[in-house]
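A, B, ... follow the sequence lines: proteins, then strands. Residue 1 opens every chain.
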Amino acid sequence: MSYDFRSIEKKWQDHWEKHQTFKAVNHSEKPKYYVLDMFPYPSGAGLHVGHPLGYIASDIYARYKRHKGFNVLHPQGYDSFGLPAEQYAIQTGQHPAITTTTNIETYRKQLDQIGFSFDWSREVRTSDPKYYKWTQWIFTELFNSWYHKTTDKAEPISNLIKLFSSEGNTNVNAHCDEDVPLFSAKEWAAFSENTQQQILLKYRLTYLANTEVNWCPALGTVLANDEIVNGTSERGGHPVIRKKMTQWSMRISAYAERLLQGLNTIDWTDSLKESQRNWIGKSVGASVSFKVVSAAAQSNPYSIEVFTTRPDTLFGASFITLAPEHELVTKITSQNQSKAVNAYIEATAKRSERDRMADVKTISGVFTGAYAEHPFTKQAIPIWIGDYVLANYGTGAVMAVPCGDQRDYDFAKHFNIDIPNIFEGPDISQTAYSDKTGFTLTNSDFLNGMTYKKAVKRVVHELEHINQGQGKTNYRLRDAVFSRQRYWGEPFPVYYVNGMPQMIAKEHLPIKLPDVEKYLPTETGDPPLARANTWAWDTKAHAVVHKDNINNTSVYPLELNTMPGWAGSSWYFFRYMEDCTHNEAFASNEALNYWKNVDLYIGGNEHATGHLLYSRFWVKFLNDRAFVPVDEPFKKLINQGMILGTSAIVYRLHYTASNSNHSSRVYVSFSKLKNLALGTDQNHVCKAKQPNVFYELESYLKQDVTDKTIDITDIQLAPLRVNVNYVNAANEIAIENLKQEHQFRDGIFITDHGVFTVNREVEKMSKRWFNVVNPDTIVANYGADSLRLYEMFLGPLEQSKPWNTAGITGVHNFLKKMWKLYVNQNQINVIDCEPTKDNLKTLHKTIKKVEEDIENFSFNTSVSTFMIAVNEFSTQQCTSKAVLEDFLILISPYAPHIAEELWLKLGHNTSISTEAFPKFDANHLVESSKNYPISFNGKMRFTLELPINMSKEAIESEVMTHQKTIAQLDGKPPKKVIVIPGKIVNIVS
RNA sequence: GCUGAAGUGGUGGAAUUGGUAGACACGUUGGACUUAAAAUCCAAUGUCCAUUAGGACGUACGGGUUCAAGUCCCGUCUUCAGUACCA
């Protein structure tokens, strides 16, 4: 009986499901291990072969850890709120919940076919009210918390209120808005309830603020910074503009330093940590305030606050530049400059963010006519505006030191501003000198003769002394906007009394998403939830009621925005810990304390600055408030690379006649084009330049052109992507297959000796390129074990690589070979005999290699190791039952179905998944050592391979023997003996 | 520009601490089996020279350290990813 993977795989998938083989328990003698995948968004397109890559890797690791005696938690779920389902709902009127459920079913079916060891009993769906109850609850807890800088953690807002009523806010050291007024305890008590709430809002970790946001008109919603790529939306690529709106925000900036420091405690790749560090963007320097001395400012002196990382260069400042959007600009501009300034502001406002980014070389700016006073020299410094200063970084103002900063230098050169030199040593006649070393300061008053470090210390001290600045650390990380004007997301548990937000208590959650008739924003621009009729909060009944009941005494309007996609994904890893039979907490303390954090997290690196930062933020918050016992969610993180598609391209001939371009029905085989020395990069064929090629192509075209006298002047190749599933390994495609598609139905195909070939190009796997390969067809043709092995075999996990179905025959043949080696007439072909030395050597070599590979996540090389082992067993005619048993355990994480089947045939009636991983014994690698003399540079050299576990004495005696040999050969005793234990001994004469 | 990763046959990729470069697989070529095809099996397959024996060259490029370098050091080039007037 041949290897019937279909029935074997079905049988074991059913078996695992029926026996709940992979159900995790929350109590065990064994040590725990938590392996997690980034849960998928269930899109309508289903899975392609790229999706399971990370899941297969994590599954191998999870199965391996079970063999190694760990109690493994390996769950899966769905990030089921999101834009595509909503867009689909807008187009079709279909409720997103329905499409989402259908998509989840498809995903589940596809995942089940691959034979993952997920514990599905803990499945999570972010759009499930039982789940988002707790997302809403976390939101209310963020609202009810503030960040206490002294204890360096979040505390309940009640603590803050206590502080306010006992001593006011003058001594409160909080991370809060900058515009908080100072008040005493007495004043606090005298404030109206509404005023108190407004003040508290400035302290809460989530707060309503009128902020400038990234508005995407096409999607009708705001986007977070990480949802924007190159100035357009991440989803759909629509343009994004900046707009002021009242939005919920998350005070993630309070955690900037801890998010940065926490990176040192976790095992992530350097590149990923670096991305997060860049995103947080810490810079250490000082803030300096400059008094404005313009006539307009006389009665009411303004001062400009700047941030600098180079306070040591303060005496080199020859002008100040403000961002055009800076609030002081209009206030300080002199009369005769106001026209120019207004024109400039208008011009920059018109330019989109994208234009401004693309055009970084052009220097532009305008003088305001105002001057500032240098804090020490009291010299007047001109104030300019320029769009190279960004309004949303630092204070939106810089002190320009042309000799020490290239942009300031260029600006000064361009507008003929002074470039005073304060550096002793460097030459600044051509460029600025921005290094922090290699100079001493000059022309700098009390800083003269100092180096960078000393000068910074001194100048900060002096600035503090005159109360015009202090040392300051600045972060690029902005507070995260948390409102979305969408339907398909978590509703906020918030209602409004007199315009002030109120939280709905835990016991009344979840606030379920109401039904609406249409999923679009309203005509007045309100979010889709404004269309819901039953959308008001009755504070007496503690229930959602019809809008008509709003009376603002007991029934109030509810929030119309929903939460962003990252809300539900920021804590889902805790939800898996509980088996969710009750819903009293988001996970019980026992479960949280048992599983603690995720030991291994595998997912794509597109989440480097989004999900992975937000989850860390929420976990730190939950930890501060003692809701969870850990400070970091993911101990170790691996980014799997993307699997790319290999598109298939067919070339259609286009031609130019009478100066206009025509499309023909002629398609030419790519091999033919290559024979004509016509690459794809060279797709214009003029009569004059390449007459031979031209006339050849023209002869094909004549088959299509009705008017044979037409004068063709130029021929082009138009690339068309075709379904890759029609193309075989040799890049050939059957014309009948092509003709099934409408556009090719009456095409004329120019073959190369009857064969039509396509060109291939590697690009992202996507429906629109027709290059999607579906795992279902692979499983149907080759089986899940082949798919699993092949996905690993493709290359290193973390690397992006193109998919090529042709190669799968290699691993598939291997499985067939293995099956044939051990199964004969449906009988297992082994006996209970002593294994030979060779058998054991092969086995233990494999144990060692596979164990190392899994620990290092180099799954690709262990697939090769298995192939080599089976080849060796085959030549050794290995029939030992004990050897096969160990080998099956080794391979079972990779190819679990075939391993289970053979395990059963060996007479075991339990699943192989709980068997202990075989122990490596170095003794079995002992065998005859081989040695060979090599002549090198006229000297004799011996290299001899020694057994790994050889004793020191044995090595010495072995070396002595060879020293003698070498001395005989060469006539001289060896000069140097290099002994690498367990490896190779070099004797150099 | 900055940060990070990487450059090895026709292709994907091996090579542990510096120790026989190209494992394993795909592809290609030849052969066996077959009426034929598929499947399977066997052999060859880095480049060049040579009838063979054998030899020379070879891990992006140029240097260096070493008995020994894909691996370490210095310099150059290229590719990919992230990020960007960040003061």
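Between the P atom of B:rA87 and the CD1 atom of A:Ile385 lies a distance of 22 Å, rounded to the nearest Å. Look at OH on A:Tyr790: it is 10 Å from C1' on B:rU11, rounded to the nearest Å. With rounding to whole Å, A:Phe793 atom CZ is found 10 Å from B:rA14 atom C1'. Atom CD of A:Gln406 is separated from atom C1' of B:rA84 by 16 Å (rounded to the nearest Å). As a whole-Å value, the separation of A:Arg476 CZ from B:rU83 C1' is 7 Å. In this entry the distance linking NE2 of A:His812 with C1' of B:rA38 reads 14 Å, nearest Å. Rounded to whole angstrom, the span from the CG atom of A:Leu612 across to the C1' atom of B:rG82 amounts to 14 Å. Counting to the nearest Å, the P atom of B:rC86 and the CG atom of A:Leu477 are 18 Å from each other.
When heavy atoms are screened at a 4.0 angstrom cut-off, A:Ser271 is found touching the sugar-phosphate backbone but no base atom. Nucleic acid contact class of A:Asp408 (heavy atoms, under 4.0 Å, all strands): none. As judged by a 4.0 angstrom heavy-atom cut-off over every strand, A:Pro802 is placed among residues making no nucleic acid contact. Among the atoms of the strands shown, only primed sugar atoms or phosphate atoms (P, OP1, OP2) are found under 4.0 Å from some heavy atom of A:Asn813. No engagement by A:Glu798 is indicated, since no non-hydrogen atom pair under 4.0 Å with the nucleic acid exists. The residue A:Thr395 sits apart from the nucleic acid: no heavy atom pair falls under 4.0 Å.
Set against B:rC26, B:rC41, B:rC24, the side chain of A:Ser864 has B:rC24 as its closest nucleotide. For A:Asn871, counting side-chain heavy atoms from C-beta on, the closest listed nucleotide (B:rC86, B:rC26, B:rA25) is B:rA25.
Nucleotides of RNA chain B nearest to A:Leu794 and A:Asp405 differ in position, and the one nearer the 5' end is that of A:Leu794.
Between A:Phe857 and A:Phe859, the ring planes lie perpendicular to each other; the angle is over 60°, past the 30° to 60° tilted range. Under the 30°/60° scheme for interplanar angles, the aromatic rings of A:His812 and A:Tyr782 are found to stand perpendicular.
Pairing partner, B:rG1: B:rU83, with both Watson-Crick or wobble hydrogen-bond distances short of 3.5 Å.
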Could you walk me through whether A:Glu872 and A:Lys841 satisfy the salt bridge (Lys or Arg N to Asp or Glu O under 4.0 Å) test, starting with their C-alpha distance in whole Å, then the side-chain angles of each, then the deciding distance to 0.1 Å, before giving a yes or no?
CA-CA 10 Å; A:Glu872 286 183 12; A:Lys841 191 189 172 190; over 6 Å; no

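Between A:Asn860 and B:rA14 there is a side-chain N or O to OP1 or OP2 distance below 4.0 Å. One finds a side-chain N or O of A:Arg407 lying less than 4.0 angstrom from the OP1 or OP2 phosphate oxygen of B:rC86. The side chain of A:Lys816 contributes an N or O atom lying less than 4.0 Å from OP1 or OP2 of B:rU40.
Between the side chain of A:Arg788 and the backbone N or O of A:Ala895 there is no donor-acceptor pair closer than 3.5 Å.
Glycosidic torsion of B:rG4 falls outside 90° of 0, placing the base in anti.
In this model, no donor atom of one side chain and acceptor atom of the other lie less than 3.5 Å apart for A:Thr431 and A:Tyr409.
Of the listed residues (A:Thr809, A:Asp785, A:Ile808, A:Ile56), just one forms a side chain to side chain contact (heavy atoms under 4.5 Å, CB included) with A:Tyr790, and that residue is A:Ile808.
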